J.: 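Shown below is the structure under consideration.
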There are 2 protein chains.
Amino acid sequence: MLRLLSLLQSRREWSGHELADRLGVTERTVRRDVERLRSLDYPVTGTTGTAGGYRLGSGTHLPPLQLDDDEAIAVALGLVGAAGGGVSGMAESSMSALAKLEQVLPARLRPQLAAVGSAAEAIPRPGVPQVDPDALAVLARCCRNHEIVAFDYHGRQRGTTRRRVEPHQLLTLSWRWYLLAFDPGRDDWRIFRVDRITSVSPALHRFTPRVLDGPSYLLESFVSAQYEHTVVLTVEASSVDVTSTFEGVVRGIVEPLSPSSCKVRFSADSPAMLLTQVAAIAHLGSFTVDQATPETAALITQTGERLTQAFAGFR
Amino acid sequence: MLRLLSLLQSRREWSGHELADRLGVTERTVRRDVERLRSLDYPVTGTTGTAGGYRLGSGTHLPPLQLDDDEAIAVALGLVGAAGGGVSGMAESSMSALAKLEQVLPARLRPQLAAVGSAAEAIPRPGVPQVDPDALAVLARCCRNHEIVAFDYHGRQRGTTRRRVEPHQLLTLSWRWYLLAFDPGRDDWRIFRVDRITSVSPALHRFTPRVLDGPSYLLESFVSAQYEHTVVLTVEASSVDVTSTFEGVVRGIVEPLSPSSCKVRFSADSPAMLLTQVAAIAHLGSFTVDQATPETAALITQTGERLTQAFAGFR
DNA sequence: GCTCTTGCGGACACATCTTGTCCTCAAGGC
DNA sequence: GCCTTGAGGACAAGATGTGTCCGCAAGAGC
């Protein structure tokens, strides 16, 4: 039951099936446990229907739960990782937070946290743009409170423009932070890189949130027409092989066509970024190009020639 | 048990008899329940003797976790980021840890943490190898205590081998975790990918730590001869341009030669990995190859031809 | 209207756990 | 020494939690 409580705290909405899965019990038992929590005056609401689920209301103070081993390790690893990059000034903040957390934890967990904190270190990545933590905090608050927010956005093409949007979610993908927001002026969803955002100021106006699935939309948008340059390939390699080369390097969408071939879609806002992605899977097998912008094709053919010529002598 | 906990919170000291009376159970049961609370890390102290009794230690009220704003944001961002990948089972652990920490923070910071926790989300990267958090914890403890540790390592070339090393530091770079250790059998430093490590068991033997700078060694080793395949290029582009394309994709070492040219060194344990790196900077300007293994050159020339041919029709 | 999904809850068998009742031991105060 | 208090092992009986059924209700989408 304590685990159920902590699960309910950790996410806004859970389905009975998910809870049963996480807790390793059947859904019937989950229902019974929820019932018990309700009998103890915990405000657990359940909504029926396709979009149903369980939700823990707020307002009531919960018993002081303790972190378990995995959570302590998660905290330590998270803070160490956060120190590594992406957000400016994070290294000191995370390390001091780690030290303070260590004091508060039950004695059993203290060595765990201390060990990870002292033994682990994140190597900062050169070239990753730094994000202002205060900007992130303000944007997060506006997301949560459904407040319209205004900021300057330094786009690649149109220079700096003042935006006024309905922020919905912050997303992070490989050290970069993105803001998913609805732009009423353009009447469409937009994704902003937080490191290109400055002068954030909440407008103190509320908006009614629109429904959209955050992560999948961001992934979609990476391959959608939002970015100017798109490439679609048919590769003579299994989708598993292609996906496994994605590890840490490539992002795109893979659709298997047959056991030994698949279709891959990339999109980016510059041909140079596409080049890297295409090259990463070009060696897997022969492939054909289904779609590409002229600039991208020109860049890739030119680079392909350069590669061939430059390395020909070393064969 | 929840009633027992709330009773213990409501008064400083209780005798076992009183608690049994209030709860309508026997004293034996009270002792058992107290035992259970202790196993959940609730600091219940019991003193024997005439003036004895049970007392709930600190932790019942808000612990003195006085984080400042930046630290609170660091915790939230770190945990959200950690949920995104690299360590298996991390998503649930970090989210529940975030929820629990929220309960513990001073009221002023609670909205901050909640906002970031609810608004931010990490998009898991497909294909990133998962690391066992317990393995990380054990390795971290051994690093801290200077204990020799043994494990099975599933290397790329030599299959699985049992190693027995002096662990020094855990390093993380772009979602991967590495163990920097000294291998007495080989009398040299080694870097192990933690996701390839299984069956970790501390040997309970101490060693005297050797001096070495962790992060820089790891970076060095990426371009050193430890990896079989190395490429050295001279690029007609400024070192600034080259470094800025490194962002998130490329790792290597850049030495400026002149304002408009520089030398770049890559190393990896497979030619395919080098291909991506080389392609990422090949479009910046013309370049010459100073060094490359035959396999690498063959792969790159072949891929270059493929790229040129496949994209020629889209120019 | 229909169907599908989700939450809700009763009935029952079974395994597990808790509880109560013993017991001994340790520690502190008188 | 004596008493009181907490700590904990052993064991049987009873309570409780769980899984597997079942049907029902409410919301969403077609």
Side-chain angles (χ1 to χ4, degrees), chain A residues 1-60 63 65-66 68 106-108 168 208-217 220, chain B residues 1-60 92:
Chain A
M1 263 180 59
L2 290 176
R3 282 174 60 206
L4 175 60
L5 253 182
S6 98
L7 279 179
L8 283 172
Q9 285 181 72
S10 68
R11 219 173 71 183
R12 274 201 331 278
E13 189 133 356
W14 292 86
S15 77
H17 182 72
E18 283 177 306
L19 289 174
D21 217 39
R22 290 274 196 286
L23 296 170
V25 296
T26 60
E27 303 180 30
R28 183 68 187 89
T29 304
V30 168
R31 286 201 292 276
R32 266 194 285 248
D33 287 344
V34 166
E35 193 178 3
R36 261 204 301 257
L37 284 181
R38 286 204 260 252
S39 78
L40 293 172
D41 285 327
Y42 285 97
V44 183
T45 63
T47 48
T48 66
T50 314
Y54 292 97
R55 185 181 294 215
L56 183 60
S58 55
T60 62
L65 293 175
Q66 310 286 336
D68 61 29
R108 189 175 55 82
H168 272 252
T208 55
R210 302 158 203 262
V211 180
L212 184 71
D213 180 33
S216 67
Y217 178 79
E220 293 287 331
Chain B
M1 258 180 63
L2 291 176
R3 281 173 59 205
L4 173 60
L5 194 57
S6 72
L7 279 181
L8 283 172
Q9 284 176 347
S10 67
R11 218 172 73 183
R12 221 173 77 249
E13 188 128 359
W14 293 83
S15 76
H17 183 71
E18 284 175 305
L19 289 174
D21 217 38
R22 291 291 271 268
L23 296 170
V25 296
T26 60
E27 302 179 31
R28 182 68 187 89
T29 305
V30 169
R31 286 202 291 276
R32 265 193 285 248
D33 287 344
V34 166
E35 194 177 1
R36 264 205 299 252
L37 282 181
R38 287 192 188 130
S39 79
L40 294 173
D41 286 321
Y42 287 93
V44 183
T45 61
T47 48
T48 65
T50 317
Y54 293 98
R55 181 184 296 213
L56 185 57
S58 67
T60 157
E92 299 88 30

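When reading the values below, keep in mind they use all heavy atoms of this one structure, side chains included, and skip hydrogens, waters and symmetry mates. What you see is a predicted model; the values in this text were computed from it and never measured.
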J.: Nearest whole angstrom, please: distance from the P of C/dG7 to the CH2 of A/Trp14.
T.: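 To the nearest whole Å, that distance equals 13 Å.
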J.: Figure out the CD/C1' separation between A/Glu27 and D/dG17, and round it to whole Å.
T.: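 To the nearest whole Å, that distance equals 17 Å.
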J.: Nearest to the B/Arg32 side chain among D/dA7, C/dC8, D/dC11, which nucleotide is it?
T.: D/dC11
J.: Whole angstrom is fine here: how far is it from CG in B/Asp33 over to C1' in D/dA7?
T.: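 Taking atom C1' of D/dA7 as the reference, CG of B/Asp33 is at 14 Å.
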J.: Expressed as a whole number of angstroms, how long is the span from A/Glu13:CD to D/dG27:P?
T.: 14 Å
J.: Rounded to whole angstroms, how far apart are OH on A/Tyr54 and C1' on C/dG9?
T.: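 For the pair A/Tyr54 OH and C/dG9 C1', the rounded distance is 10 Å.
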J.: Is there a side-chain contact between B/Leu4 and B/Arg22 (heavy atoms, below 4.5 Å)?
T.: no
J.: Below 4.0 angstrom from OP1 or OP2 of D/dG17, is there any side-chain N or O of A/Arg36?
T.: yes
J.: State the OG1-CG distance between A/Thr26 and A/Asp21, to the nearest 0.5 angstrom.
T.: 11.5 Å
J.: What is the nucleic acid contact for A/Val25, judged by heavy atoms within less than 4.0 Å: base, sugar-phosphate only, or nothing?
T.: sugar-phosphate
J.: Report the distance from atom CG of A/Leu23 to atom P of D/dT18, rounded to the nearest whole Å.
T.: 10 Å
J.: Nearest 0.5 angstrom please: A/Arg38 CZ to A/Glu35 CD, how far?
T.: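 Going from the CZ atom of A/Arg38 to the CD atom of A/Glu35 covers 7.5 Å.
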J.: Please check if the side chain of B/Thr45 supplies one atom and the backbone of B/Arg55 the other of a donor-acceptor pair under 3.5 Å.
T.: yes
J.: With DNA chain C as reference, determine whether B/Arg28 or A/Gly46 sits nearer its 5' end, using the nearest nucleotide of each.
T.: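 Upstream on the strand: A/Gly46.
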J.: Whole angstrom is fine here: how far is it from CZ in B/Arg55 over to P in D/dA7?
T.: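 Answer to the nearest Å: 14 Å.
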J.: Among C/dT21, C/dG9, D/dG8, find the nucleotide with the atom closest to the side chain of A/Glu35.
T.: C/dG9
J.: According to a strict under-4.0 Å criterion, is A/Thr29 in side-chain N/O contact with OP1 or OP2 of D/dG19?
T.: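 The answer is yes; a side-chain N or O of A/Thr29 sits under 4.0 Å from OP1 or OP2.
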J.: Quickly work out the B/Arg38 CZ to D/dG8 C1' distance and round it to whole Å.
T.: 11 Å
J.: CG of B/Leu23 to OG1 of B/Thr29: how many Å apart, nearest 0.5 Å?
T.: 9.5 Å
J.: Quick one: does B/Arg31 reach the base of D/dG6 with a side-chain donor-acceptor pair under 3.5 Å?
T.: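 Side chain to base: no pair below 3.5 Å.
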J.: Where the side chain of A/Thr48 is defined as all heavy atoms beyond and including C-beta, which of D/dA7, C/dC8, C/dT6 is the nearest nucleotide?
T.: C/dT6
